[in-house]
Amino acid sequence: MISPETVVRHELVGLSVRVVDDADDRAGIAGEVVEETTRTLVIETDGRTKTVPKADATFAFDLPDGGAAVVAGDRLVARPARRTETTGDTIWHSA
């Protein structure tokens, strides 16, 4: 089960996400994660996709149980398969 404490170790594709802070003014982009690479999240929003570098942003994920987790993007920088094997900290969460 995905929880705020473990979201960084789970598959992110399919989760709803919002960019809450970004070094290049991408804050406010919201939609569904449709692809993940080592350094980026691809978010589908309004029928288009937008690529957001992980290291430069803070993301708010909506969890399947109705909770939320806000994660510093630098905690997500890794190949998705490798990232799911390691631990990481959620910087904030709410139920």
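These numbers were taken from a predicted model, which means no experiment stands behind them.
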Asker: Can you tell me how far the CD atom of Glu35 sits from the OG1 atom of Thr49, to the nearest 0.5 Å?
Answerer: 8.5 Å
Asker: Quick check for you: to the nearest 0.5 Å, what is the distance between Arg9 atom CZ and Leu12 atom CG?
Answerer: 12.5 Å
Asker: I need the minimum non-hydrogen distance between Pro4 and Ala68, along with the two atoms involved.
Answerer: CG-O, 3.8 Å
Asker: According to a 4.5 Å side-chain heavy-atom criterion applied to Ile, Leu, Val, Met, Phe, Trp and Tyr, with indirect links allowed, do Phe59 and Val42 form part of one hydrophobic cluster?
Answerer: no
Asker: Do Val33 and Phe61 have side-chain heavy atoms sitting under 4.5 Å apart?
Answerer: yes
Asker: Around Arg39, counting heavy atoms of other residues, nucleotides and ligands shown, do more than 12 lie under 6.0 Å from its CZ?
Answerer: no
Asker: Short question: side chain of Glu11, backbone of Val13 - any donor-acceptor pair under 3.5 Å?
Answerer: yes
Asker: Is there a side-chain contact between Pro53 and Arg26 in this structure, where contact means two heavy atoms from C-beta onward sitting under 4.5 Å apart?
Answerer: yes
Asker: Return yes if some donor-acceptor pair links the side-chain N/O of Thr37 with the main-chain N/O of Thr40 below 3.5 Å, else return no.
Answerer: yes
Asker: Using the rule side-chain contact (heavy atoms from CB on, under 4.5 Å), only one of Thr58, Ile43, Asp56, Thr45 pairs with Val19; which is it?
Answerer: Ile43
Asker: Walk me through whether Arg48 and Asp46 qualify under salt bridge (charged side-chain N to carboxylate O under 4.0 Å, His left out).
Answerer: CA-CA 6 Å; Arg48 300 173 67 196; Asp46 299 326; over 6 Å; no
Asker: Strictly below 4.0 Å, N to O, side chains only: are Lys50 and Glu44 in salt-bridge contact?
Answerer: no
Asker: So which atom in Val52 and which in Ala57 form the shortest heavy-atom distance, rounded to 0.1 Å?
Answerer: CG1-CB, 4.0 Å
Asker: What's the verdict on side chain to side chain contact (heavy atoms under 4.5 Å, CB included) for Asp62 and Val17, showing C-alpha distance, side-chain angles and the deciding distance?
Answerer: CA-CA 6 Å; Asp62 293 332; Val17 67; over 6 Å; no
Asker: In Å and rounded to the nearest 0.5 Å, what is the CD to CZ distance from Glu36 to Arg79?
Answerer: 11.5 Å
Asker: Honestly curious: do Leu15 and Leu41 fall in one hydrophobic cluster under the side-chain, below-4.5 Å linking rule?
Answerer: yes
Asker: Identify the heavy atoms of Gly14 and Glu32 that sit nearest to each other, and give their distance.
Answerer: CA-OE2, 3.6 Å
Asker: So does Val77 get a backbone contact from the side chain of Lys54, meaning a donor-acceptor N/O pair under 3.5 Å?
Answerer: no
Asker: What heavy-atom pair brings Ser3 and Leu63 nearest, and what distance separates the two atoms?
Answerer: C-CD1, 3.7 Å
